[in-house]
A.B. asks: 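Structure incoming, see below.
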Amino acid sequence: MSISQRKVRVRFAPSPTGGLHLGGVRTVLYNYLFAKKNGGEFILRIEDTDQTRFVEGAEQYIYDCLAWCGLEPDESPKHGGNYGPYRQSERKVTYKKYAEELISKGHAYYAFDTTEELEKMRIAFKTESNPSPQYDATIRKSMKNSLTLSPDEVNNLLQSGTPYVVRIKMPENETISFVDMIHEEVSFDSNVVDDKVLLKADGMPTYHLAVVVDDYLMKITHAFRGEEWLSSAPVHVLLWKYLFGLDNMPQWAHLPLILGPSGKLSKRDGAKYGFPVFAMNWTDPRNNEFTEGFKEKGFLPEAFVNLLAMLGWNSGTEQELFSLEELVQHFSIERVHKSGAKFDYEKAKWFNHEWIKNSSADQLFDGVKNVLSSKGISQIEEDYLKQVIELVKERCTLVSDFFEQSAYFFRTPESIDVDALKPKWNEQKRLFFEQYCLHLQQLNDWNVSEIESTFKNLATEMAIKPGELQLPMRIMLVGGKFGPAVFDIAFHIGKENTINRIHSAIPKIETP
RNA sequence: GCCGCGUUGGUCAAGGGGUUAAGACGCCUCCCUUUCACGGAGGAAUCACGGGUUCGAUUCCCGUACGUGGUACCA
């Protein structure tokens, strides 16, 4: 069956070496969207072939991030599936078999050069016009490999357990081209790509061999990856040609890079400009270096996914707010851009703000509750919190903003902005508030309109403009110049709190 | 250095041989609101440069510049 008729299968193939950054999550997203849009399957494969870079906990972290984003794979080491194992370290023998097949077909060879010898070569051949000499068609002739050594010598070395790698034998004077779903036709001159190592001395494959073999074995139909891979695509295309046939090669899509404010997106940039680059908090177990995540910063997963989707893709309409379901519906790889996009934290926050505003108190409840309890506000009544969320959500850009925007609903402000009050404060106003408290005390029915009309009537009676009294009252109740309508606040915090806060504020205003 | 990829306001971007070159974020002004937000109305700001092709190029072609990726027994 030709590849275009097969069921769509895509894969995200990270190496578990650290935090999952923006670009990684977006690659997952586009994979996921493409798979769901086409009724296909989304596979997570762990590319852990570099044992020196193994990081404890990194694999679990990837599952956690995907789960948070709502991008669950159909198959993975954790989720299982019919094409396992899904961890490349567990597929070692398979790769070796294909490496040998390549050698027997004359497309690869054994190389016995030591690291030191390679280094020597690079120094020896280094010139001003060629600062980084490659192990290529000319240089391989002067190296220690099965192309230069006699079959006997090679056998002896192999028999005696001499460490070796397998390298691809790049053809000379060929143009290697393929059609990328995003970049259209891309071509390379085979003379400028080197004899990449396919199988390392420890018996593990390099990425180049592993992707091709696994994509074939796992029946991948479309391969999405970051554009940083475009340069090595000719190696992969050749491997497909030599091993499984170009007809079976998945369609490639090299996704544009996500850049930081000063070019390449880095953790450093994140720290410098105050925004996260990882999906979730990540602490590197090797050095305890901590990097903040979008989740903990206060982003809603829906917003995170939404903003990532729009970085390099758009629907062609003016719609910017999309749920995951809507993205699945509207996504098309044809509308993915060719060029990289700079990540703009301001816009990211706007997406989050929009999602918070559009979410119900029920949806926001758990997140807000966590934020508050982490700040010492627990023992919250569910209905009360929900009412508060409704009242303040349009003022919150991040979920973490709910703390400062709503803390005063749960406890008396620790300090109040007396400086904003002092200049216009006078005897008459103090009298007003004392009277007002007395009136409030008498109120039988504690509701917004009673609280408000009592306030206004008394103000009129005392010939003070109500407006001049509202700000002081707000500051007494809230602590600062923010928050929803004052009388709503008074209503929610209750009669006793309202009166107490007013009473305790007056002396503070009057202390010089 | 070499190779690949790219280039519409500060950012994300629509568009594409003839347009007043959408929209969003951010910024500014005003309205609403005697708080902060939300909301509403406006405003400033763009086709990297140079050559072609064409009656006409932001759009097509070629260069240049710039950016970005690769140039590892890392992915």
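So that the names make sense, note that chain A is the first sequence line, chain B the second, and so on, each numbered from 1.
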A.B. asks: With sugar-phosphate meaning primed atoms plus P, OP1 and OP2, does A:Lys349 contact a base, only sugar-phosphate, or nothing at under 4.0 Å between heavy atoms?
C.D. replies: nothing

A.B. asks: Between A:Lys481 and A:Asp417, does any side-chain N to carboxylate O distance fall below 4.0 Å?
C.D. replies: no

A.B. asks: Name the pairing partner of B:U64, where a pair is Watson-Crick or G-U wobble with both distances under 3.5 Å, or state none.
C.D. replies: B:A48

A.B. asks: State the syn/anti category of B:C38 according to its glycosidic angle, syn meaning within 90° of 0.
C.D. replies: syn

A.B. asks: Between A:Glu346 and A:Thr114, which residue's closest nucleotide on RNA chain B lies nearer the 5′ terminus?
C.D. replies: A:Glu346

A.B. asks: Using both distances under 3.5 Å as the test, list the Watson-Crick or G-U wobble partner of B:A21, or none.
C.D. replies: none

A.B. asks: A:Met170 CE to B:U71 P: how many Å, rounded?
C.D. replies: 14 Å

A.B. asks: To the nearest Å, give me how far apart NE2 (A:His208) and C1' (B:A75) are.
C.D. replies: 9 Å

A.B. asks: A:Ala485 near the nucleic acid: base, sugar-phosphate alone, or nothing, with a heavy-atom cut-off under 4.0 Å?
C.D. replies: base

A.B. asks: Could you let me know what B:G69 is paired to, Watson-Crick or G-U wobble, both distances under 3.5 Å, or none if it's on its own?
C.D. replies: B:C3

A.B. asks: Considering Watson-Crick and G-U wobble pairs with both distances under 3.5 Å, what does B:C74 pair with?
C.D. replies: none

A.B. asks: How is A:Thr49 classified with respect to the nucleic acid when contacts are heavy atoms under 4.0 Å: base, sugar-phosphate, or nothing?
C.D. replies: sugar-phosphate

A.B. asks: What is the separation between atom CG on A:Asp50 and atom P on B:A72, rounded to the nearest whole Å?
C.D. replies: 15 Å

A.B. asks: Take nucleotides 1-14 of chain B nucleotide by nucleotide from the 5' end and write B, S or -, depending on whether a protein heavy atom sits under 4.0 Å from the base, only from the sugar-phosphate, or from neither.
C.D. replies: B-SBSSS--BBSSS

A.B. asks: For B:G39, which nucleotide in any strand shown is its Watson-Crick or wobble partner with both distances under 3.5 Å?
C.D. replies: B:C31

A.B. asks: Roughly how far apart, to the nearest Å, are B:U53 and B:C2 at atom P?
C.D. replies: 30 Å

A.B. asks: Does B:G23 have its OP1 or OP2 closer than 4.0 Å to a side-chain nitrogen or oxygen of A:Thr317?
C.D. replies: no

A.B. asks: Rounded to the Å, how far apart are A:Arg167 CZ and B:U71 P?
C.D. replies: 13 Å

A.B. asks: Are any of A:Lys196's side-chain N or O atoms less than 4.0 Å away from OP1 or OP2 of B:U71?
C.D. replies: no

A.B. asks: Backbone N or O of A:Thr27 within a donor-acceptor pair of the A:Asn31 side chain at under 3.5 Å?
C.D. replies: yes

A.B. asks: How far, in whole Å, is B:A57 from B:A21 if one measures between their P atoms?
C.D. replies: 16 Å

A.B. asks: Please indicate whether A:Arg335 has more than 12 foreign heavy atoms, meaning atoms of other residues, nucleotides or ligands, lying under 6.0 Å from its CZ.
C.D. replies: yes

A.B. asks: Hey, mind stepping through A:Phe343 and A:Val277 against side-chain contact (heavy atoms from CB on, under 4.5 Å) and telling me if it holds?
C.D. replies: CA-CA 10 Å; A:Phe343 172 69; A:Val277 301; over 6 Å; no

A.B. asks: B:G43 and B:G51: how far apart are their P atoms, nearest whole angstrom?
C.D. replies: 35 Å

A.B. asks: How close or far is atom P of B:A37 from atom CZ of A:Phe482, stated in whole angstroms?
C.D. replies: 12 Å

A.B. asks: Regarding A:Gln470, tell me which of base, sugar-phosphate or nothing describes its non-hydrogen contacts under 4.0 Å with the strands shown.
C.D. replies: nothing

A.B. asks: Between B:U68 and B:U33, how far is it from one P atom to the other, in whole Å?
C.D. replies: 50 Å

A.B. asks: Can you measure from CE (A:Met121) to CD (A:Glu119) and round to the nearest 0.5 angstrom?
C.D. replies: 10.5 Å

A.B. asks: Verify side-chain contact (heavy atoms from CB on, under 4.5 Å) between A:Thr206 and A:Thr49, making sure each step is shown before the conclusion.
C.D. replies: CA-CA 7 Å; A:Thr206 57; A:Thr49 55; over 6 Å; no

A.B. asks: Given the C1' atoms of B:U34 and B:U20, what is the spacing between them in whole Å?
C.D. replies: 41 Å

A.B. asks: When you measure from the side-chain N and O atoms of A:Arg122 to the phosphate of B:C73, is any distance below 4.0 Å, counting only OP1 and OP2?
C.D. replies: yes

A.B. asks: Hey, does A:Glu468 reach any base, or is it just sugar-phosphate, or nothing, if we go heavy atoms under 4.0 Å?
C.D. replies: base

A.B. asks: Assign A:Val197 to base, sugar-phosphate, or nothing according to its heavy-atom contacts below 4.0 angstrom with the strands shown.
C.D. replies: sugar-phosphate

A.B. asks: Both conditions, 6.0 Å and 45 degrees, for the charged tip of A:Lys422 above the ring of A:Trp425: are they met here?
C.D. replies: no

A.B. asks: If you measure from the C1' atom in B:G23 to the same atom in B:A45, how many Å do you get, rounded?
C.D. replies: 15 Å

A.B. asks: For the CG atom of A:Leu469 and the CD1 atom of A:Ile464, what is their distance to the nearest 0.5 Å?
C.D. replies: 5.0 Å

A.B. asks: Would A:Arg167 and A:Tyr135 count as a cation-pi pair here, with the cationic atom under 6.0 angstrom from the ring centre and within 45° of the axis?
C.D. replies: yes

A.B. asks: If you round to the nearest 0.5 Å, how far is NE2 of A:His236 from CH2 of A:Trp240?
C.D. replies: 12.0 Å

A.B. asks: Pick the P atom in B:C60 and in B:A14, then give their distance to the nearest Å.
C.D. replies: 14 Å

A.B. asks: Reckon A:Pro163 touches a base, only the sugar-phosphate, or nothing at all at heavy-atom distances under 4.0 Å?
C.D. replies: nothing

A.B. asks: Between B:G67 and B:U8, how far apart are the C1' atoms? Round to whole Å, please.
C.D. replies: 16 Å

A.B. asks: Between A:Lys481 (NZ) and B:U35 (P), how many Å, whole number?
C.D. replies: 10 Å

A.B. asks: Separation of A:Tyr135 atom OH from B:C73 atom C1', in whole Å?
C.D. replies: 12 Å

A.B. asks: Can you tell which of B:C38, B:C74, B:G70 lies closest to the side chain of A:Glu228?
C.D. replies: B:G70

A.B. asks: Tell me which of A:Gly483 and A:Ala348 sits closer to the 5' end of RNA chain B, going by the nucleotide each one is nearest to.
C.D. replies: A:Ala348

A.B. asks: Identify the nucleotide, in any strand shown, that forms a Watson-Crick or G-U wobble pair with B:A13, with both distances under 3.5 Å; if there is none, say none.
C.D. replies: none

A.B. asks: Which whole-number value in Å describes the distance from A:Trp350 CH2 to B:G39 C1'?
C.D. replies: 14 Å

